[in-house]
Amino acid sequence: MSENDSLGKNENFLEQIIKDDLGNSHSQNQLRFRFPPEPNGYLHIGHAKSIYINFGFGQQFSSPVNLRFDDTNPEKESIEYINSIKNDIRWLGYSWDKECYASDYFDQLYEWAEGLIKKGKAYVDDQNQETISDQRGIPTIPGKESPFRDRDVDTNLDLFRKMKDNYFKPGDCVLRAKIDMSSPNMHMRDPIMYRIIDHEHHRTKDNWVIYPTYDWAHGQSDYIENISHSFCTLEFEVHRELYDWFISNIYDEKKIIPKQREFARLNISYTIMSKRKLLELVESNEVDGWDDPRMPTISGMRRRGIPPAAIISFCEKVGVAKRENIIDFALLDYCTREVLNKKAYRLMVVIDPVELEILNYPDEKNELLKAENNPEDESYGHREISFSKNLYIERDDFKEEFNRKYFRLSIGKEVRLKNAYIIKGERVEKNDSGEIIKIYCTYDPKSKSGSGTEESLRKVKGTIHWIDKNNYEKISVNNYDRLFKVEAPDGNKDDDFKTYLNENSFVQVKNAYAESNIRDSKKENYYQFQRNGYYKLESNNKELTFNRTVTLRDTWKSKS
RNA sequence: UGGCUCAUGGUGUAACUGGUAACACGUCUGGUUUUGGUCCAGAAGAGUCUAGGUUCGAGCCCUAGUGAGCCAACCA
């Protein structure tokens, strides 16, 4: 079901690798992918790219995709994260074949580790962390071998079993692969396979006190699950040699050898993509949790009102390559608007109200005017909006002084009230501080929208939205903006990224006036407050509260 | 005194086994429009990091530079 194929769109390099393998080493039914998050945080838009890549290939090649939790570090992981991850993937519209856990393979991994010891390819090192680290050397200088490196097999086996059986304390010893302390690749300098961690695991509870490291667990998990292609981000490129080394040492049957390949992670301007830093924002209460609408997390974007289709479309447009990149946030906004324009129910909401009285409109008259729910889609139908002599309009839609580029209301200037009549500004009333508190206008009774009269067909330059003063709903609106003030908040290693937080990223408007139809709004729907932006219902407890997803595109260069 | 990776308009991604750069976003024009939205039409903007080489011909191949990223957690 790949749209890519049908559109003849260009293949990315990972797709080419798969197709090459299909022509040589792999058959169609041997293809299998996986998405391997560590349950130590919430998924963000960067993970969405990875999800899109892996599950996208699954769809394209009709291959199964496993969801595998890389849960080898119980100190950082939790069931809360597991649940949020599953929820987010489903919300994005994907379903996995098997739900797997690296922890399900702990027995097998242990067995293989003993196998490596027996082959003389792994040993227990009694040195402390600091010593091991010192001995590893630096990239330009070879490391030194551990004095415990040449222990015999029986000693190693005995020690390793004691490690497993809780004879030692964390830090007393580790199991290391015996490879090459002078390798130019630091990861080949006798990497650690097991360490002792005294912490209950969220799944295996207290069954284990030794836990495999990422390098020892990941590739083997791929191998166990018959994963054909293991795609990860660029920083794991240097791990590949070790990934292959481990598998070559356990490989003993005619199983698929998984192939690790790396692509560039996603970066977006004015935000950060590090789980560690995102956690920091959450814990320091800079944001309202992992799902704060300003967060680049999947859950945050969901709360903000970005539909899954927009996220998928974004990942598609962003492409897959090996080059470091920073995507312009405007592309995400574009994808969001593109989807929402077709989906959103339109409503009129005045966010910063000022009173408007129509002098020649009958005092007691009240009309119900017809409005389209979505001009992009006839099937959304129509609604009725209450109209009378006294209204509210957006303060911003009236100006006493203006230039020829100004389309909105002013004294002596005509404008159309959306779905209603053409009015002309007459005069204003100000308070002592010179602030406009009320605008007076006159209307053309024959210009009613949709009436078909000659007057109603007149072209006026501007159209503005409004609210009936006698029939409206007060709502609360959360206007969000970018979380950071600079394009690359974590680009400068010397500065704390939090110093670049945008203090105006969240503006709450308590008293916005909405047409009364807003009472029917639903959590699952998307809304456009006309001429203002797209909004998502956040809460409908006593008072309706909406989150602004994104503003409408604004090409009016209101420059001054 | 190391290894690995990358280098195409402002941003991102293309260009099949070499045949003088395409698409999207952004920007700018104009048109339509009862949302300064949408939609439609169009424009500007790179000669592909640099220097050599191979070739009739190179963004694609080779060499050497330059620049950037990653690697020295008992994190993933």
Side-chain angles (χ1 to χ4, degrees), chain A residues 9-12 36-38 40 70-73 75-77 125 128-129 132-134 136-143 170-171 173-176 182-189 191-197 210-211 213-215 217-218 232-241 262 264 269 275-276 316-335 337-338 341-342 346 348 371-372 375-376 405-408 415-420 422 447 449-450 456-457 459-465 528-534 551-558:
Chain A
K9 210 183 152 194
N10 296 310
E11 299 177 356
N12 64 56
E38 184 192 10
N40 68 341
D70 230 331
D71 55 349
T72 56
N73 185 357
E75 288 179 325
K76 292 185 175 173
E77 298 154 5
D125 194 336
N128 63 33
Q129 187 168 349
I132 291 176
S133 171
D134 287 347
R136 209 185 323 263
I138 59 173
T140 51
I141 297 173
C173 49
V174 292
L175 183 73
R176 292 228 256 168
S182 63
S183 169
N185 181 343
M186 297 295 289
H187 295 278
M188 298 302 275
R189 323 247 264 224
I192 285 159
M193 296 170 67
Y194 277 98
R195 72 284 207 200
I196 299 169
I197 298 177
I210 58 170
Y211 290 92
T213 54
Y214 165 82
D215 287 304
H218 198 97
C232 59
T233 44
L234 246 31
E235 65 268 29
F236 291 99
E237 207 152 27
V238 283
H239 291 250
R240 189 150 109 202
E241 191 180 356
E262 311 81 12
S269 56
K275 263 202 272 187
R276 206 207 82 224
E316 194 176 295
K317 288 182 172 63
V318 148
V320 182
K322 301 190 73 164
R323 203 186 324 176
E324 299 284 340
N325 60 76
I326 299 182
I327 310 294
D328 190 342
F329 73 96
L331 182 62
L332 213 210
D333 284 351
Y334 169 82
C335 294
R337 293 185 185 116
E338 185 185 34
N341 178 49
K342 299 196 184 72
R346 316 288 133 129
M348 290 201 289
E372 285 178 298
E376 304 294 317
K405 291 271 199 169
Y406 183 77
F407 297 174
R408 277 109 100 142
V415 89
R416 151 106 33 209
L417 291 177
K418 177 92 182 157
N419 302 126
I422 293 171
S447 65
S449 290
S456 74
L457 267 15
K459 303 288 179 196
V460 288
K461 203 66 169 153
T463 299
I464 65 175
H465 58 283
Q528 183 198 95
F529 295 173
Q530 291 195 301
R531 302 206 309 131
N532 269 317
Y534 294 99
T551 61
L552 256 32
R553 185 160 166 270
D554 184 8
T555 52
W556 182 40
K557 307 304 171 216
S558 63

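This one's a predicted model, so the numbers in the text were calculated from it and none came from an experiment. Residue numbering restarts at 1 for every chain, and letters A, B, ... go by the order of the sequence lines.
- Applying the 4.0 Å criterion to OP1 and OP2 of B/C71, one finds that A/Arg240 has every side-chain N and O outside that range.
- Using a 4.0 Å heavy-atom criterion, one finds that A/Pro375 contacts the bases of the nucleic acid, with or without backbone contacts as well.
- Judged by ring centres under 5.5 Å apart and planes tilted less than 30 degrees, A/Tyr214 fails to stack against the six-membered base ring of B/A76.
- Side-chain N/O atoms of A/Arg323 include none lying less than 4.0 angstrom from OP1 or OP2 on B/U48.
- Side-chain to base pairing of A/Arg531 with B/G36: no donor and acceptor N or O lie closer than 3.5 Å to each other.
- If you check every strand for non-hydrogen atoms under 4.0 Å, A/Gln528 touches a base.
- Side chain A/His187 to base B/A73: no donor-acceptor pair is found below 3.5 Å.
- Among the heavy atoms of the strands, none lies under 4.0 Å from A/Tyr194.
- Among the protein residues, A/Ser183 comes within range of no part of the nucleic acid, since none of its heavy atoms lies under 4.0 Å from any strand.
- Backbone-only contact: A/Arg136 has heavy atoms under 4.0 Å from sugar-phosphate atoms and none from a base.
- If you check distances only, the side chain of A/Glu376 does reach the base of B/G37 with a donor-acceptor pair under 3.5 Å.
- Each of A/Ile192 and A/Asp328 was matched to the nucleotide of RNA chain B holding its nearest heavy atom; the match closer to the 5' end belongs to A/Asp328.
- Using a 4.0 Å heavy-atom distance criterion, A/Asn532 is classed as making no nucleic acid contact.
- A perpendicular orientation is assigned to the rings of A/His239 and A/Tyr214, their planes being inclined by more than 60° (bins at 30° and 60°).
- Rounded to whole Å, the distance from CG on A/Asn325 to C1' on B/U5 is 14 Å.
- Residue pairs meeting the side chain to side chain donor-acceptor pair (under 3.5 Å) criterion with at least one partner in residues 318-329 of chain A, sequence neighbours excluded, are A/Glu237-A/Lys322.
- As judged by a 4.0 angstrom heavy-atom cut-off over every strand, A/Asn419 is placed among the base-contacting residues.
- Contacts of A/Glu38 with the nucleic acid, taken as non-hydrogen atoms under 4.0 Å apart, involve only primed sugar atoms and P, OP1 or OP2.
- Across all strands, A/Lys418 comes closer than 4.0 Å to base atoms (heavy-atom distances).
- Nucleic acid contact class of A/Asn185 (heavy atoms, under 4.0 Å, all strands): none.
- Residue-level contact check: A/Val174 touches the bases, meaning some heavy atom is under 4.0 Å from a base atom.
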